[in-house]
Amino acid sequence: MGDSLITIVAIVLAAILMFVFPLMTMSDRSDDISQLTVETATTEFVDNVRTTGRLSLADYSAYEQRISATGNSYDIELEAQILDENPGKKTTQANSTKIGENVYYSMYTSQILDTISSDTTSTLAFKEGDIFSASAKNKSTTLSQQFKNFFYSVTGNDIYTIAAEHAGYVTANGSGN
């Protein structure tokens, strides 16, 4: 009886070592690839907006499709900090003799999407000195997360494994002037 119990335990352990751990490792690698894809897409999206000074619905849709191709769903947050130069003195961003401080006002995801979604040709134009940022976090539970939750009892709604964010100053005027 004792030998058969040890044999059964050994078979179960062997099955776990042969099948479950390689599957966990492969699912972790899949998350790593998704992480790299989302980081790259986010950086390229923000850098494109920064260098052109424009954001269109086509740009946003292409970004959304690129990160969704990983098989996960994402919560995308956008923020545009628009430079409101000293309204008392009309100058350009490059002029260092202006009086007073520059103030930024922010536009967030819903406001930005409302602006660029009004019609198919709508774009949000930025000017030099504005700040644009984007972040993406996965909303869906990946296979790797499910394994970790099962084996390690890691629980919580705010746990995400795939996330990326990027921000920077706009370096071109998007209004065409």
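Given the structure is predicted, the values throughout are model-derived calculations rather than measurements. Note that these values count all heavy atoms, side chains included, but never hydrogens, waters or copies made by symmetry.
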Would a distance-only check, ignoring hydrogens and angles, find a side-chain to backbone donor-acceptor pair under 3.5 Å from Glu44 to Ala41? no
Out of curiosity, Thr37 OG1 to Arg66 CZ, how far, rounded to the nearest 0.5 Å? 7.5 Å
Cluster check Phe21, Leu23: I/L/V/M/F/W/Y, side chain < 4.5 angstrom: yes
Let me check something: do Ile8 and Met18 share a hydrophobic cluster, defined by ILVMFWY side-chain heavy atoms less than 4.5 Å apart, either directly or through other members? no
Return yes when atom CD of Glu165 has more than 12 non-hydrogen atoms of other residues, nucleotides or ligands closer than 6.0 Å, and no otherwise. no
Using only atom types and a distance under 3.5 Å, with no angle test, would you say the side chain of Thr109 pairs donor to acceptor with the backbone of Leu78? yes
Are Tyr105 and Leu113 connected, step by step, through hydrophobic side chains (Ile, Leu, Val, Met, Phe, Trp, Tyr) whose heavy atoms are closer than 4.5 Å? yes
Looking only at heavy atoms, what is the nearest atom pair of Gly129 and Tyr104, with distance? O-OH, 3.0 Å
Quick check for you: to the nearest 0.5 Å, what is the distance between Glu39 atom CD and Ile67 atom CD1? 12.0 Å
Does some side-chain heavy atom of Phe126 sit less than 4.5 Å from a side-chain heavy atom of Leu83? no
What are the two closest non-hydrogen atoms of Val46 and Ala134, and how far apart are they? CG2-CB, 3.6 Å
Is any side-chain heavy atom of Ile112 less than 4.5 Å from a side-chain heavy atom of Tyr60? no
Among Leu143, Asn138, Thr142, find the residue that satisfies the side-chain contact (heavy atoms from CB on, under 4.5 Å) test when tested with Asp31. Thr142
Side chains of Asn72 and Lys139: closer than 4.5 Å at any heavy-atom pair? no
Could you grab the distance from atom OG1 of Thr171 to atom CG of Asp130, nearest 0.5 Å is fine? 11.0 Å
When every non-hydrogen atom of Thr123 is compared with those of Arg54, the smallest separation belongs to OG1-NH1, 4.1 Å
Go through Ser56 and Asp59 one step at a time and tell me if the side-chain hydrogen bond (donor to acceptor under 3.5 Å, both in side chains) criterion holds. CA-CA 5 Å; Ser56 67; Asp59 295 335; 3.2 Å; yes
Closer than 3.5 angstrom, by distance alone: can the side chain of Thr40 be matched with the main-chain N or O of Leu36 as a donor-acceptor pair? yes
Would you indicate whether the side-chain heavy atoms of Asp47 and His166 approach each other to under 4.5 Å? yes
In Å and rounded to the nearest 0.5 Å, what is the CG to OG distance from Asp75 to Ser140? 11.5 Å
Which heavy atom in Glu79 sits nearest to a heavy atom in Ser106, and how many Å separate them? OE2-OG, 3.3 Å
Taking all non-hydrogen atoms of both residues, which atom of Ala136 and which atom of Val38 are closest, and how far apart? CB-CG1, 4.1 Å
Gap between atom CE of Met26 and atom OG of Ser144 - 0.5 Å precision: 12.0 Å
Could you walk me through whether Lys127 and Ile82 pass the side-chain contact (heavy atoms from CB on, under 4.5 Å) check? CA-CA 8 Å; Lys127 62 186 173 300; Ile82 309 298; 3.6 Å; yes
Looking at Ser34 and Tyr74, what are the two nearest heavy atoms and their distance? CB-OH, 4.3 Å
Working to the nearest 0.5 Å, report the span between CZ of Arg50 and OG1 of Thr43. 10.0 Å
Parallel, tilted or perpendicular: which fits the ring planes of Phe45 and Tyr63, with parallel below 30° and perpendicular above 60°? parallel
